[in-house]
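Okay, structure first, notes after.
To find a chain, count down the sequence lines: A is the first, B the second, and so on, and within it residues start at 1. Just so it is clear, the structure is predicted and the values come from calculations on it, not from any experiment.
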6 protein chains.
Amino acid sequence: MTRYAMLGEIMMRLKAPGFERLFQTPTLEVTMAGAEANVAVGLGRFDEDVSFITALPKNELGDTVRDELRKHGVDISKTVFQEGRLGLYFVETGANHRPIKVVYDRADSCIAKVDPSAFDWKELLADRDWFHITGITPAISETAMRCTLDAMKTAKEMGLTVSCDLNLRAALWQYGVKHIDVYRQMMEYVDVLVGNEGHFESCLGLSARVAENDIHDNPSAYRPMADEVFAKWPNIQKIAITVRRTVSADHQSTAAILATRDEMWISPIFEIKDIVDRIGGGDAFTTGFLYALDKHGVCQKTIDFAGAAGAMKHSIPGDFLRATEAEIQALADGAAGRDQR
Amino acid sequence: MTRYAMLGEIMMRLKAPGFERLFQTPTLEVTMAGAEANVAVGLGRFDEDVSFITALPKNELGDTVRDELRKHGVDISKTVFQEGRLGLYFVETGANHRPIKVVYDRADSCIAKVDPSAFDWKELLADRDWFHITGITPAISETAMRCTLDAMKTAKEMGLTVSCDLNLRAALWQYGVKHIDVYRQMMEYVDVLVGNEGHFESCLGLSARVAENDIHDNPSAYRPMADEVFAKWPNIQKIAITVRRTVSADHQSTAAILATRDEMWISPIFEIKDIVDRIGGGDAFTTGFLYALDKHGVCQKTIDFAGAAGAMKHSIPGDFLRATEAEIQALADGAAGRDQR
Amino acid sequence: MTRYAMLGEIMMRLKAPGFERLFQTPTLEVTMAGAEANVAVGLGRFDEDVSFITALPKNELGDTVRDELRKHGVDISKTVFQEGRLGLYFVETGANHRPIKVVYDRADSCIAKVDPSAFDWKELLADRDWFHITGITPAISETAMRCTLDAMKTAKEMGLTVSCDLNLRAALWQYGVKHIDVYRQMMEYVDVLVGNEGHFESCLGLSARVAENDIHDNPSAYRPMADEVFAKWPNIQKIAITVRRTVSADHQSTAAILATRDEMWISPIFEIKDIVDRIGGGDAFTTGFLYALDKHGVCQKTIDFAGAAGAMKHSIPGDFLRATEAEIQALADGAAGRDQR
Amino acid sequence: MTRYAMLGEIMMRLKAPGFERLFQTPTLEVTMAGAEANVAVGLGRFDEDVSFITALPKNELGDTVRDELRKHGVDISKTVFQEGRLGLYFVETGANHRPIKVVYDRADSCIAKVDPSAFDWKELLADRDWFHITGITPAISETAMRCTLDAMKTAKEMGLTVSCDLNLRAALWQYGVKHIDVYRQMMEYVDVLVGNEGHFESCLGLSARVAENDIHDNPSAYRPMADEVFAKWPNIQKIAITVRRTVSADHQSTAAILATRDEMWISPIFEIKDIVDRIGGGDAFTTGFLYALDKHGVCQKTIDFAGAAGAMKHSIPGDFLRATEAEIQALADGAAGRDQR
Amino acid sequence: MTRYAMLGEIMMRLKAPGFERLFQTPTLEVTMAGAEANVAVGLGRFDEDVSFITALPKNELGDTVRDELRKHGVDISKTVFQEGRLGLYFVETGANHRPIKVVYDRADSCIAKVDPSAFDWKELLADRDWFHITGITPAISETAMRCTLDAMKTAKEMGLTVSCDLNLRAALWQYGVKHIDVYRQMMEYVDVLVGNEGHFESCLGLSARVAENDIHDNPSAYRPMADEVFAKWPNIQKIAITVRRTVSADHQSTAAILATRDEMWISPIFEIKDIVDRIGGGDAFTTGFLYALDKHGVCQKTIDFAGAAGAMKHSIPGDFLRATEAEIQALADGAAGRDQR
Amino acid sequence: MTRYAMLGEIMMRLKAPGFERLFQTPTLEVTMAGAEANVAVGLGRFDEDVSFITALPKNELGDTVRDELRKHGVDISKTVFQEGRLGLYFVETGANHRPIKVVYDRADSCIAKVDPSAFDWKELLADRDWFHITGITPAISETAMRCTLDAMKTAKEMGLTVSCDLNLRAALWQYGVKHIDVYRQMMEYVDVLVGNEGHFESCLGLSARVAENDIHDNPSAYRPMADEVFAKWPNIQKIAITVRRTVSADHQSTAAILATRDEMWISPIFEIKDIVDRIGGGDAFTTGFLYALDKHGVCQKTIDFAGAAGAMKHSIPGDFLRATEAEIQALADGAAGRDQR
C-alpha cells in the first residue's frame with residue numbers, strides 16, 4: 001500500500017446555514033477544510049495510509065482538528081502543536097446569480113508562522129512513498145513557502161513520488177515574492193501535476209491556452225498545454241487537467257484530461273445542476289486521481305474515477321469527499337443518482 | 001363513503017438532515033414510513049375512512065407510531081400491540097450524481113414475527129369495503145406472507161374490493177420461497193392492480209416489455225403488458241402502470257396509464273427537476289389512484305389525479321402525501337407551482 | 001443624499017423550515033416583511049437615508065420590528081406605537097409543482113386600525129425628498145387608505161417625488177370600495193410608477209396588454225401599455241414594468257422595462273432555476289429601481305440594476321434584499337454566480 | 001369507561017427556544033395549549049374517551065390543531081370549523097429572577113366569535129358522562145360565556161357530572177361583566193370544583209383565607225375555605241385545592257387538598273427545583289384529579305395521584321401532560337427521578 | 001437625557017450549543033460581546049442616547065457588528081471601519097463542577113492595531129456628556145491603551161463625567177507595561193469607579209481587603225477599601241463595589257455596595273441557582289448602575305437597581321442585558337421569578 | 001505507557017433533544033455509548049494507548065462507530081466487521097421527579113451474535129498490558145459471555161492486569177444462566193474490581209451491606225464489604241466502591257472508596273445539583289480510576305481523581321468523558337466551577 005504524506009494548512013470553516021447570507025441567523029456550521037487536508041481525508045476514507053503534516057495550536061481548536069483528522073483515518077502523529085491560532089474562514093453558499101462568498105480570517109495561523117526547522121523532513125518522510133502539496137501552502141507565508149520547498153526537495157531526494165496541485169489564491173500572496181517564481185521552483189521536484197486549464201498560464205506563466213467548451217469537440221486542443229509543461233520540466237511525467245464550466249452558482253459541468261508525454265485520456269463531462277457544496281471539488285478530483293493512478297496506472301479508468309470523484313463532491317456538504325470508492329466507481333461506470341434499496 | 005383496510009409494516013425512518021450523508025452531523029430526523037401506511041395516511045388526510053392493520057411493539061416507539069397514524073386520521077384500533085421491536089430504516093437524501101442511500105434495520109420487527117392467528121380477518125374486515133396490500137408485506141417473513149394471503153383470501157370471500165401495489169424489495173425475500181410464486185398466488189384475489197413497467201416482469205414473470213421513453217409517442221406499446229395480466233388473471237379488472245425516467249437524484253419525470261380490459265388512459269408527464277423527497281412517490285400515486293377511482297371511476301380524470309398525487313409527493317419531505325385533494329386536483333388541472341396569495 | 005419616507009404595514013413572517021409544509025415539524029422561522037418595509041430595508045442596506053412610517057404595537061412584537069428596522073439602518077423615529085396587534089403571516093416554500101402557500105393572520109393590526117390623525121404628514125415629511133407607497137397599504141383598511149391618500153397628497157404638495165408600486169392583493173380589499181377607484185385617485189399624485197404587465201389592467205382598468213414571452217422579441221409591444229398610463233396621468237413621468245414567467249415553484253425568469261414618455265430601455269432576462277425565496281422579489285426590483293434612478297437617472301444602467309436587484313433577491317432567504325450595491329452591480333454587469341476567493 | 005366532554009379555547013403557543021428571550025433568535029417552537037384542551041389531551045393519553053369541543057378556523061392552523069388533538073387520542077368530531085383565526089400566544093421561559101413572559105394574541109379567535117347556536121348541547125352531550133370547563137372560557141367573550149353557561153346547564157340537566165377548574169385571567173375579562181357574577185352562576189351547575197387557595201376569594205368573592213406555608217403544619221386551616229364553598233353551593237360535592245409556593249422561576253413546591261363535606265386528604269409536598277415548563281401544571285393536576293377520582297373515588301390515593309400529575313408536568317416541555325398513568329403513579333408512590341434500565 | 005460615549009472592543013462570541021463542550025457538535029451560536037459594548041447595548045435598550053466607538057473591519061463581520069449595535073439603539077456613526085480582523089472568542093457554558101471555558105482569538109483585531117490618531121476625541125465627544133471605559137481596553141495593545149488615555153483625558157478636560165469599570169484580564173497584558181501603572185494613570189480622570197472586591201488590590205495595588213461572606217453581616221468592612229481609593233484619587237466621587245460568591249458553575253450569589261465619601265448603601269443579596277449565562281453579569285451591573293445613578297442619584301434605589309440588573313443578566317443568554325427597565329425595577333423591588341399573565 | 005484492551009458492546013444512542021420526551025419533536029441526537037467503550041474513549045482522550053475490541057456491522061452504522069472511536073484516539077484495528085446490526089438505544093433525559101427513560105433496541109447485534117472463534121485472544125492481547133471488562137458484556141448473549149471468559153482467562157494467563165466493573169442490567173440476562181454464576185467465574189481472573197455498594201450483593205451474592213449515608217460519618221462500615229470480596233477471591237488486590245445518593249433526576253451526590261487488603265481511602269463527596277447527563281458516570285469513574293491507579297498507585301490522590309472524573313461526567317452531554325486530565329485534576333484538587341479567563 002502506498003504511504004502518503006501531505007503538508008498544508010487545515011482551517012476551521014464556519015458556514016452560514018442553508019442558503020443564508022453570513023450571520024443572517026446567529027448560527028455557524030463548523031467543518032474543517034484545507035486543500036491538502038481535503039485530499040488526506042479523502043484518501044483516509046478509502047482506507048489509504050496517509051499522514052497529514054501541519055502546525056496546530058495547543059488549544060481546543062487544534063485538538064478538534066486533530067480529532068477530525070483521526071476520525072477519517074488520517075495519521076496526525078507527524079503534526080506539530082504550538083502556541084498560536086488556527087486559520088478560519090467564514091463562508092456562505094451561493095445560489096443562482098449569487099456566488100459563494102468566502103471571508104478569510106487565516107492570517108498568522110500556526111502553520112503561517114511555523115519555524116521551518118520544526119519539520120525534520122528526512123525523518124518525517126522516512127516511512128512514506130508519496131508526497132503531495134498544493135499551490136496554496138507556499139502562498140501562506142514566507143516560512144510556509146520555505147517548508148514547502150524543503151519538503152519537496154527532500155521527498156524528491158529520498159525517491160518519493162511528488163505530486164502537486166496548482167491552485168492560485170492570488171489574495172494570499174503578500175510576502176513580497178512573485179508566485180510564478182515559487183511555482184516554477186516547485187515544478188523542479190514534481191512527478192505528477194494537477195491543474196485546471198487556467199493554472200498553466202496564471203501559475204506557471206506558460207502560453208498555451210484552450211478556447212472555451214472545446215473539451216469533447218476537440219480534445220487535442222489541450223495537447224499543446226501539456227506539451228509545454230512536459231517540455232519545460234522533464235521530471236514531470238503525468239498531468240491531469242480539470243475543466244469547469246460555470247452556468248450559475250447551482251450549476252456547472254466538469255471534465256478532466258490525463259496526459260502523459262505520449263498519450264491523453266478524457267473523462268466524461270459531468271453535468272451538475274443542483275450543487276450542494278462546490279468547495280473542495282478540485283481536491284476531490286485530486287484525491288480520486290492519486291488513488292486511481294496508484295491503483296490502475298495511467299489509463300481511461302483512472303481519469304474517469306478522478307472525474308467522478310470531483311463531480312461526486314459537489315453533492316456532499318463540507319470540503320471533504322465523504323464517499324466510498326464503490327460509490328465513486330459506480331458513478332465513473334455511468335450510474336446517475338438512481339436510488340438503491 | 002368507502003371504508004378501507006390495509007395490512008403492512010410501518011417503520012420509523014431516521015434521516016440525515018438536508019443533503020448530509022448519514023451521521024455526518026449527529027442528528028436524525030424522525031418520520032414514519034411504510035408502503036401501505038403511506039397510502040393509509042394519504043387517504044386519511046383526504047378524510048377517508050381507513051384502518052391500518054399491523055403489529056406494533058408495546059413501547060414508546062409503538063406508541064409514537066400509533067400517535068402519528070391517529071394524527072392523520074387513520075384508525076389504529078385493529079392493530080395488535082405486543083412485545084418486540086419496531087422496524088427502522090436510516091436514509092440520506094441523494095443529490096445530483098449521488099443516489100439516495102437506505103440502510104434497513106427492520107429484521108425481526110413485530111409484524112415480521114407476528115403469529116398469523118393474531119388477526120381474525122373475518123372480524124377485522126367486517127365493516128370494511130376495500131382491502132389494500134403491496135408486494136412488500138409478504139417479503140418481510142413467512143408469517144407475514146401467511147397473513148397477507150389470509151387477509152386477501154378473506155377479503156375476496158367477503159366481497160371487498162382488493163387492490164395490490166406490486167413492489168419488489170429483492171433484498172427482503174430471505175425465507176426461502178420464490179417471490180414470483182407468492183405474487184402469482186396473491187394475484188388470484190386482486191381486483192385492482194398497480195405496478196411500474198418493470199414489475200410485471202420482475203414480480204409476475206410476464207414477458208411483455210416496453211422500450212424506454214415510449215409513453216406519449218407510442219402509448220399503445222403498453223397495451224400488451226396489460227393484456228397479458230388480464231389474460232392470466234380474469235379477476236383483475238383495472239391496472240395502473242407507472243412510468244418513471246430518472247435523470248439524476250434531483251430530477252425525474254413520471255407518468256401513468258390506466259388500463260381496463262377495453263380502454264386505456266394516459267396521464268400527462270410530470271417533469272420534476274428539484275426533487276425534495278422521492279420516497280413514497282409510488283405510494284402517493286396509489287393513494288391518488290384509489291381515491292380517484294372510487295370518486296370518479298375509470299376515466300381520464302382518475303389517472304390524471306393519480307399522476308398528480310405521485311408527482312406532488314416529490315415536493316414534500318417525508319414518506320407521506322401531506323397534501324389536500326384540492327392541491328392535487330389543481331396540479332392535475334394544470335397548475336404548476338405558481339404562488340397563491 | 002435623497003431622503004426617503006415610506007408608509008406601510010410590516011408583518012412578522014412565520015415560515016416552516018426548508019421545504020416543509022406548514023407545521024409539519026413544530027418550528028417556525030421568524031423574519032419581518034412588508035411591501036414598503038422591504039424597500040426601506042433594501043435602501044437602508046445601501047446606506048440610504050430612509051424613514052419607515054407605520055403603527056406598531058407596544059409589546060415585544062412591536063419592539064422586535066423596531067429592532068429589525070434599526071438593524072438595517074432604517075429610521076423608525078416617525079413610527080407610532082400603540083395598543084393592538086402586529087399583523088402576521090404564515091408561509092411555506094413551494095417546490096416543483098407545489099406552490100408557495102401563505103396564510104394571512106393580519107386583520108386588525110395596529111396599522112389597519114390606526115387613526116389617520118396619528119400621522120401629521122406635514123411634519124413627518126418635512127425633512128424628506130421622496131415618498132414611496134405600494135398598492136397594498138390602501139387595501140388593509142379604510143383608515144389605512146385614508147392615511148395613504150393623505151400622505152401622497154401632502155407629499156405631492158410639499159414637492160417630494162412620489163413613487164408607487166402597484167400591487168394587488170385582491171383578498172385584502174374588504175371594506176367596501178372598488179380598488180380601481182382608489183388606485184386611480186392615488187395615480188394623481190404619482191411621479192414614478194412601478195407595476196407588472198398585469199397590474200395596469202387589474203389595478204388601473206387600462207386596456208393595453210402584451211402577449212406572453214414578447215419582451216425581447218418584440219419590446220415595442222410594451223409601448224402602448226406605457227403610453228396609456230402617460231396619457232391618462234400627465235403627472236407620471238417614469239414607468240417601470242416587470243415581466244415574470246413562472247416555470248415551476250423553483251424556476252422563473254424575470255425582466256423589466258423602463259419607459260419615459262419618449263424612450264424605453266429593457267433589462268436582460270434573468271433565468272432563475274433554483275429559487276431560494278421568491279417573496280419580496282418585486283420589492284427588491286423597486287429598491288434597485290429607486291436607488292439607480294436616483295443615482296444614474298433614466299438610462300440602461302438603471303433598468304439593468306433594478307432587474308438585477310429583483311433577480312438577486314430570489315437567492316436570498318427572507319423578504320429582504322440582503323445584498324450590497326456592489327453585488328447587484330456585478331450581476332447587472334453580467335456575473336453569474338461564480339465564486340470569489 | 002367514563003366519557004368526557006370539554007369546551008374551551010385551544011391556542012397555538014409560540015415559544016422562544018431554551019431560555020432565550022422572545023425573538024432573541026429568529027425561531028419559535030410550536031405547540032398547542034389551552035386549559036381544557038390540556039386536560040383533554042392528558043386524559044386522551046391515559047386512553048380515556050374524551051371529546052374536545054371548540055370552534056377552529058378552516059385553514060392550516062385549524063387543521064394542525066385537529067391533527068394534534070387526534071394524535072393524543074382526543075375526539076374532535078364535535079368541533080365546529082368556520083372562517084376566522086386561531087388564538088395565539090407567544091411565550092418565553094423564565095429562569096431564576098426572570099419570570100415567564102406571555103404575550104397574548106388571542107383576540108377575535110373563532111371560539112371568541114362563535115355563535116352560541118353553533119353548538120347543540122343536547123346532541124353534543126348525548127353520549128357523554130362528564131362535562132369539564134374552566135374559568136378561562138367564559139372570560140374570552142360574551143358569546144363564549146354564553147356557550148359556557150348553556151353547556152353547563154344542559155350537562156347538569158342531562159345528568160352529567162360537571163367539573164370546573166377556577167382559573168382567573170383578569171386581563172381577558174373585557175366585555176363588561178363582573179367575573180364574579182359569571183363564576184357564581186357557573187357554580188350552580190358544578191359537582192366537582194378545582195381551585196387554588198387564592199381563587200375562592202378572587203373568583204368567587206369568598207372570605208376564607210389561609211396563611212402561607214400552612215399546608216402540612218396546619219392542614220385544618222384549609223377547612224373553612226372548603227366549608228364556605230360547600231355552604232354556598234349545595235350542589236358541589238368535592239373540592240380540590242392546590243397550593244403553590246414559588247421560590248424562583250426555576251423552583252417551586254406544590255401540594256393539594258381534597259375535601260368533601262366530611263373529610264379532607266392532603267397530598268405530599270412536591271419540591272420542584274429545576275422546572276422545565278410550568279405552564280399547564282394546574283391543568284395536569286386537574287387531569288390527574290379527574291382520572292383518579294373516577295378510578296379510585298375520594299381517598300388519599302386520588303389526591304396523591306393528582307398532586308403527582310401536577311408535579312410531573314413541570315418536568316415536561318409544552319402545556320400537555322405527556323406522561324403515562326404508570327409514571328405518575330410511581331411518583332405518587334414515592335419514586336423521585338431515579339433512572340430505570 | 002444624558003448622552004454617553006464608550007470606547008472598547010466588541011468581539012464575535014462563538015458558543016457551543018447548550019451545555020456542550022466546544023466543537024462537540026458542529027455548530028456555534030453567534031452573538032456579540034465586549035465589556036463596554038455590553039454596557040452600550042444595555043443602555044441602548046433602555047432608550048438612552050449612547051455612542052459606541054471602536055474600530056471594525058470592512059467586511060461581513062464588521063457589518064454584522066454594526067447591524068447588531070444599531071439594532072439595540074446604539075449609535076455607531078463614530079466608529080472607524082478599516083482593513084483588518086474582528087476579535088473572536090469561543091466559549092462553552094459551564095455546569096456544576098465544570099467551569100465556563102473561553103478560548104480567545106482576539107489578537108491583532110482592528111481595535112488592537114488602530115492608529116490613535118484615527119480618533120479625534122475633541123470632535124467625537126463634542127455632543128456627549130458621559131464617557132465610559134473599562135480596564136480591558138487598555139490591555140488589548142499599546143495603541144489601544146494610548147487611545148484609552150487620550151479619550152479619558154479629553155473627556156475630563158471637556159467636562160464629561162468619566163466612569164471606569166476595573167476589570168483585569170491578566171492574560172491580555174502582553175505589550176510590556178505593568179497594568180497597575182496604566183490603571184493608576186486612568187484613575188486620574190475618573191469620577192465614577194466600579195470594581196469588584198478583588199480589583200482594588202489586583203488592578204490598583206491597594207491594600208484594603210475584605211474577608212469572605214462579610215457583606216451583610218458586616219458591611220462596614222468595605223469602608224476602608226473605598227476610603228483608600230477616595231484618599232488616593234480626590235477626583236473619584238462614587239464607587240460601586242460588586243461582591244460575588246461562586247458555589248458552582250450554576251450557582252452564585254451577588255451583591256453590591258455604593259459608596260460616596262460620606263455614605264454607603266448595600267444592595268440585597270441575589271441568589272442565582274440556575275445560571276443561564278453568567279458572562280456580561282458585571283457589565284449588566286454597570287449598565288444598571290450608570291442608568292440609575294443618572295436617574296436617581298446616589299441612594300439605595302440606585303444600588304438596588306444596579307444589583308438587580310447584574311443578577312437579571314445571569315438568566316439571559318448572550319452577553320447583553322436584554323431586559324427592560326421595568327423588568328429590572330420589578331426585581332429590585334423584590335419580585336422573584338413569578339409569572340405574569 | 002500502559003497498553004489497554006477492552007471487550008464490549010458499543011451502541012448508537014439516540015436521544016430526544018433537551019428535556020423532551022422521546023419523539024416529542026421529530027429529532028434524535030446521535031452519540032455512541034457502551035460501558036467499556038466509554039472507558040476506552042475516556043482513556044483515549046487522556047492520550048492513553050487503548051484498543052477497543054468488538055464486532056461491528058459492515059454498513060454506515062459500523063463505519064460511524066469506527067470513525068467515532070478513532071476520533072477519540074481509540075485503536076479499532078482489532079475489531080471484527082461482519083454482517084448484522086448495531087445495537088441501539090433510545091433515551092430521554094430526566095428532570096426533577098421524572099427519571100431518565102431508556103428504550104433498548106439492542107437484541108441480535110453483531111457482538112451478541114459473534115462467533116467466539118472470531119477473536120484470537122492470544123494474538124489480540126499480545127501487545128497489551130491491561131484488560132478491562134464490565135458485567136454488561138456477558139449479559140448480552142451466551143456467545144458474548146463465552147468471549148468474555150475466554151478473553152479474561154487468556155489475559156490472566158498472559159500476565160495482563162485484569163480489571164472488571166460490576167454492572168448489572170438484569171433485563172439483559174435472558175439466555176438461561178444465572179448471572180451470579182457467571183460473575184463468580186469472572187472474579188477468578190480479576191486483579192482490580194470496581195462496583196457500587198449494591199453490586200457486591202446483587203452480582204456476587206455476598207452478604208455485607210452498608211446503611212445509607214454512612215460514607216463519611218462511618219467509612220469503616222464499607223470495610224466488611226471489601227473484606228468479604230478479598231476473602232473469597234485471593235487474586236483480587238484492589239477494590240473501588242462507588243456510592244451514589246439520588247435526590248432527583250437533576251441532583252445526586254457521589255463518593256467513592258479505594259480498598260486494598262490493608263488500607264482504605266475515601267474521596268470527597270461530590271454534590272451535583274444540575275445534572276447535565278448522568279449516563280456514563282460510572283464508566284467515567286472507572287476511567288479515572290484506571291488512569292490514576294496506573295499513574296499514582298494506591299493512594300488518596302487516585303481515589304480523588306477517580307471520584308472527580310465520575311462527578312465531572314455528569315456535566316457533559318453524551319456517555320463519554322470529554323474532559324482533559326487537567327480539568328479533572330483541578331476538580332480533584334478542589335475547584336468548583338469557577339470560570340477561567
query: Considering all heavy atoms of both residues, which atom of B:D304 and which atom of B:I266 are nearest to each other, and what is their separation?
result: OD1-O, 4.1 Å
- line: Applying a strict 4.5 Å limit to non-hydrogen atoms, the region of B:E29 in contact with chain C is neither
- request: Against chain C, label B:I328 side chain, backbone, both or neither, depending on which of its atoms sit under 4.5 Å from a heavy atom there.
  value: neither
query: So, does B:S315 use its side chain to make a donor-acceptor pair with the main chain of C:A95 at under 3.5 Å?
result: yes
Considering only NZ, NE, NH1 and NH2 on the basic side and carboxylate oxygens on the acidic side, decide whether [X] and [Y] come within less than 4.0 Å.
{"X": "B:R66", "Y": "B:D63", "value": "yes"}
{"X": "C:R13", "Y": "C:D319", "value": "yes"}
{"X": "C:E9", "Y": "C:R85", "value": "no"}
{"X": "B:E92", "Y": "B:K101", "value": "no"}

message: What verdict does the side chain to side chain contact (heavy atoms under 4.5 Å, CB included) test give for C:R169 and C:N167, after you've listed the backbone C-alpha separation in whole Å, the side-chain angles of each residue and the deciding distance to 0.1 Å?
response: CA-CA 7 Å; C:R169 294 280 186 277; C:N167 212 330; 3.3 Å; yes
message: Among B:T31, B:I272, B:D274, which residue has the highest count of heavy-atom pairs closer than 4.5 Å to chain C?
response: B:D274
message: If the contact rule is any heavy atom under 4.5 Å from chain C, which residues of residues 320-327 of chain B qualify, in numerical order?
response: B:R322, B:A323, B:E327
